[in-house]
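These notes are about the structure you will find just below.
As a basis for the values below, the full set of heavy atoms in this structure was taken, side chains included, without hydrogen atoms, waters or symmetry mates. Residue numbers start from 1 in every chain, and the chains themselves are labelled A, B, ... in the order their sequence lines are given, proteins ahead of strands. Since we're looking at a predicted model, the values are computed, not measured.
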There are 2 protein chains.
Amino acid sequence: MAGTSHRAAPEHTHPDEVPVLTALAALADPVRLTLVRELAADAEWSRSCGSFDVPVGKAALSHHFSVLRAAGLVEQRDEGPRRVNRLRRAEFEARFPGLLDLVLRPEPHL
Amino acid sequence: MAGTSHRAAPEHTHPDEVPVLTALAALADPVRLTLVRELAADAEWSRSCGSFDVPVGKAALSHHFSVLRAAGLVEQRDEGPRRVNRLRRAEFEARFPGLLDLVLRPEPHL
DNA sequence: GGGAGTGTATGGTTTTCATCGAACACTCGG
DNA sequence: CCGAGTGTTCGATGAAAACCATACACTCCC
């Protein structure tokens with residue numbers, strides 16, 4: 001049958017239930033910042049967890065995604081053997097207006 | 001004569017030279033968040049470092065202000081024996097539009 | 001059903017960061 | 001010149017967080 005996954009669905013937190021401090025802490029990490037940026041640059045649900053170019057092992061990567069979910073930044077869905085991601089642009093923007101733009105904006109020269 | 005201080009002037013960093021990651025990290029701490037908020041609630045140069053209601057000793061407090069200066073969030077000036085503070089609203093807003101508003105805005109109920 | 005691919009969970013190590021206590025520097029008022 | 005008030009610096013401590021290697025769970029395809 002369709003839609004049947006015998007795998008535990010990932011726990012999500014809606015941005016509305018996220019404290020500012022949690023959101024800031026989630027974004028204040030170079031690896032997660034990269035994840036969010038790469039995620040924003042591609043189509044929704046197009047990137048699996050392993051498809052990101054970050055210098056950490058799978059275990060750490062999995063943890064980072066867990067943090068991003070808890071901060072309401074990322075939504076995940078199981079698609080066959082892989083877990084694909086989506087940046088929760090609209091919802092997160094509604095909760096923290098401008099924050100995402102800020103972090104996605106190309107860094108002005110220092 | 002006036003304006004003569006035999007004390008080392010605090011090192012400041014202009015918001016324009018601050019990476020996003022540094023700004024986020026500076027705000028992603030409960031004590032510093034309180035400092036910024038209290039600072040925003042009062043007139044510029046009206047608050048000395050010791051006048052904030054945070055549950056840490058002077059040493060830690062001094063360190064937090066150092067982080068806030070490095071993030072371009074706070075400017076300090078020596079005024080007699082005390083060091084008074086100013087939130088760099090305009091400059092920081094120009095560099096990171098909306099970020100201060102976000103953190104100063106009262107937290108919606110969770 | 002076996003094996004490859006993908007992601008999570010666990011346990012332990014390392015690093016980072018917030019914190020404190022104590023010592024020091026500076027300013028001001030007696 | 002001394003003492004109180006204020007803030008920084010230093011060294012050490014403890015907690016939090018990032019990380020890795022391994023082992024495990026699930027899905028798909030042959």
**Message:** With a 4.5 Å cut-off on side-chain heavy atoms, are A:L102 and B:L24 touching?
**Reply:** no

**Item:** More than 12 heavy atoms of other groups within 6.0 Å of B:E11 CD
**Value:** no

**Request:** Starting at the 5' end of nucleotides 6-11 of chain C, put B wherever the base has a protein heavy atom under 4.0 Å, S where only the sugar-phosphate does, and a dash everywhere else.
**Result:** SBBB--

**Request:** Go through the structure and list residues passing side-chain contact (heavy atoms from CB on, under 4.5 Å) with A:L104, not counting sequence neighbours.
**Result:** A:V36, A:R37, A:A40, A:R89, A:L100

**Prompt:** Is A:H64 near enough to D:dA17 that one of its side-chain N or O atoms lies under 4.0 angstrom from OP1 or OP2?
**Reply:** no

**Item:** salt bridge (Lys or Arg N to Asp or Glu O under 4.0 Å) between A:R77 and A:E75, intermediate numbers included
**Value:** CA-CA 7 Å; A:R77 173 209 297 175; A:E75 188 178 356; over 6 Å; no

**Request:** Check the distance between D:dC28's P and A:H6's NE2 and give it to me in whole angstrom.
**Result:** 10 Å

**Prompt:** A:L21 and B:V31: same hydrophobic cluster, using ILVMFWY side-chain contacts below 4.5 Å?
**Reply:** yes

**Residue met sooner reading DNA chain D from 5', once A:V67 and A:G80 are mapped to nucleotides** = A:V67

**Message:** Could you report the tightest heavy-atom contact between B:N85 and B:F65, atom names first, then the distance?
**Reply:** OD1-CE2, 3.4 Å

**Prompt:** Are A:R95 and A:E17 close enough, and set up right, to give a side chain to side chain contact (heavy atoms under 4.5 Å, CB included), and what steps lead you there?
**Reply:** CA-CA 9 Å; A:R95 171 71 178 90; A:E17 295 163 4; over 6 Å; no

**Asked** Which pair of non-hydrogen atoms, one from B:V74 and one from B:Q76, has the smallest distance, and what is that distance?
**Response** CG1-CG, 4.0 Å

**Asked** Near DNA chain D, which residues from residues 27-37 of chain B have a heavy atom under 4.0 Å away?
**Response** none

